[in-house]
Participant: 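This structure is in structure tokens; I'll ask about it shortly.
This structure is a prediction, so every number in the text was calculated from the model and none was measured. Numbers here are sequence positions counted from 1.
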Amino acid sequence: RTVIPGLNDSHLHVIRGGLNYNMELRWDGVPSLADAMRMLKEQARRTPPGQWVRVVGGWSEFQFAERRMPTLEEINEAAPDTPVFVLHLYWRAMLNALRACGYTKDTPNPPGGEIQHDSEGNPTGLLIARPNATILYATLAKGPKLPLEHQINSTRHFMKELNRLGLTSII
């Protein structure tokens, strides 16, 4: 008989992760920014109208051969007609769906964040967490939700993935 210990994850956003798992594009282990942009383009093509593509965590610019983050121009080129939210290390995000969130030239910086503006005062799509990630979570929450049956399906897929990785408990 074999006993294999289960792993406990002591910091996991399991509810958000489960409800959104089927909507997220994962860049974990992707070797190049060019590959990530191809994946984004493909995901945008598959994404139903009205939904967003979300890249939420699990990647770093240092994993890419190019050693940099994508630019908003590259994101817009890969997904010109699909809203995209790319979270980077819980301290900034790139968003090409400014109108969908109600962010305009006149939108003041909300508590907990900064909306970066260009030299003409227009929001660029870069959101910066200052002093914390409130703006990032609030912006992500503005995205469309899945219908209940799809939320259940998404959560089941997420739990299967956690189990596949050996997680048997979470906090």
Participant: Rounded to the nearest 0.5 Å, what's the gap from CD on Gln43 to CD on Glu24? Could you check?
Facilitator: 10.5 Å
Participant: Is the side chain of Gln63 donor-acceptor paired with the backbone N or O of Trp27 at a distance under 3.5 Å, no angle test?
Facilitator: yes
Participant: Could you pull out every donor-acceptor pair under 3.5 Å between side chains of residues 74-83 and any protein atom, sequence neighbours left out?
Facilitator:
unit_1: Glu74; atom_1: OE1; unit_2: Arg68; atom_2: NH1; d: 3.0
unit_1: Glu74; atom_1: OE1; unit_2: Thr71; atom_2: N; d: 2.8
unit_1: Glu74; atom_1: OE1; unit_2: Thr71; atom_2: OG1; d: 3.4
unit_1: Glu74; atom_1: OE2; unit_2: Arg68; atom_2: NH2; d: 2.6
unit_1: Asn76; atom_1: OD1; unit_2: Asn96; atom_2: ND2; d: 3.3
unit_1: Asn76; atom_1: ND2; unit_2: Leu72; atom_2: O; d: 3.2

Participant: Counting distance only, does the side-chain N/O of Thr107 pair as donor-acceptor with the main-chain N or O of Gly102 below 3.5 Å?
Facilitator: yes
Participant: Quick one: which residue pairs count as a salt bridge (charged side-chain N to carboxylate O under 4.0 Å, His left out) with a foot in residues 110-120, not counting sequence neighbours?
Facilitator: Glu114-Arg130
Participant: Could you grab the distance from atom CG of Leu33 to atom CH2 of Trp59, nearest 0.5 Å is fine?
Facilitator: 8.0 Å
Participant: Could you state whether Met39 and Val86 fall into the same hydrophobic cluster, counting links through intermediate Ile, Leu, Val, Met, Phe, Trp or Tyr residues with side-chain heavy atoms under 4.5 angstrom apart?
Facilitator: yes
Participant: Atom CG in Asn20, atom CD1 in Ile15: separation rounded to 0.5 Å?
Facilitator: 11.5 Å
Participant: Identify the two heavy atoms, one from Val30 and one from Arg26, that lie closest to each other, and give their separation to 0.1 Å.
Facilitator: CG2-O, 4.4 Å
Participant: In Å and rounded to the nearest 0.5 Å, what is the CE to CZ distance from Met159 to Arg156?
Facilitator: 11.0 Å
Participant: When you compare the side chain of Phe64 with that of Asp35, does any pair of heavy atoms fall below 4.5 Å?
Facilitator: no
Participant: Which pairs would a plain distance check flag for residues 2-9, meaning a side-chain donor or acceptor within less than 3.5 Å of a matching protein atom at least two apart in sequence or in another chain?
Facilitator:
unit_1: Asn8; atom_1: OD1; unit_2: Ser169; atom_2: OG; d: 2.8
unit_1: Asp9; atom_1: OD1; unit_2: His11; atom_2: N; d: 2.9

Participant: Can you find a pair of side-chain heavy atoms, one from His150 and one from Met23, that are under 4.5 Å apart?
Facilitator: no
Participant: If we ignore hydrogens and angles and just use 3.5 Å, is the side chain of Thr124 paired with the main-chain N or O of His117 as donor and acceptor?
Facilitator: no
Participant: Cluster partners of Trp91, using ILVMFWY side-chain heavy atoms under 4.5 angstrom, listed by chain and number?
Facilitator: Leu89
Participant: More than 12 non-hydrogen atoms from neighbouring residues, nucleotides or ligands closer than 6.0 Å to NZ on Lys142, yes or no?
Facilitator: yes
Participant: Of all heavy-atom pairs between Arg92 and Met69, which one has the smallest distance, and what is that distance?
Facilitator: NH2-SD, 2.8 Å
Participant: Using modelled atom types only, decide if a donor and an acceptor are shared between the side chain of Ser32 and the backbone of Ala65 within a distance under 3.5 Å.
Facilitator: no
Participant: In the hydrophobic clustering (ILVMFWY, side-chain contacts below 4.5 Å, transitive), which residues join Phe85, or is it alone?
Facilitator: Trp52, Val56, Leu87, Tyr90, Leu95, Leu98, Tyr103, Ile115, Leu127, Ile135, Leu136, Tyr137, Leu140
Participant: Identify the two heavy atoms, one from Gly18 and one from Ser154, that lie closest to each other, and give their separation to 0.1 Å.
Facilitator: O-OG, 2.7 Å
Participant: Answer whether the closest heavy-atom distance between the side chains of Met94 and Val84 falls below 4.5 Å.
Facilitator: no
Participant: Within a reach of under 6.0 Å around CG of Leu165, are more than 12 heavy atoms found that belong to other residues, nucleotides or ligands?
Facilitator: yes
Participant: Can you tell me if NZ on Lys145 sees more than 12 non-hydrogen neighbours from other groups inside 6.0 Å?
Facilitator: yes
Participant: With sequence neighbours excluded, what pairs up with Asn132 under the side-chain contact (heavy atoms from CB on, under 4.5 Å) test?
Facilitator: Thr134
Participant: Could you tell me whether Glu42 and Arg38 have a side-chain N and a carboxylate O separated by less than 4.0 Å?
Facilitator: no
Participant: Would you say the side-chain atoms of Gln151 pair up with the backbone N or O of Leu19, donor to acceptor, closer than 3.5 Å?
Facilitator: no
Participant: Just how far is it from atom CD1 of Ile152 to atom CG of Asn22, taken to the nearest 0.5 Å?
Facilitator: 12.0 Å
Participant: Could you give the distance from CD1 (Ile128) to CD (Gln116), rounded to the nearest 0.5 Å?
Facilitator: 5.0 Å
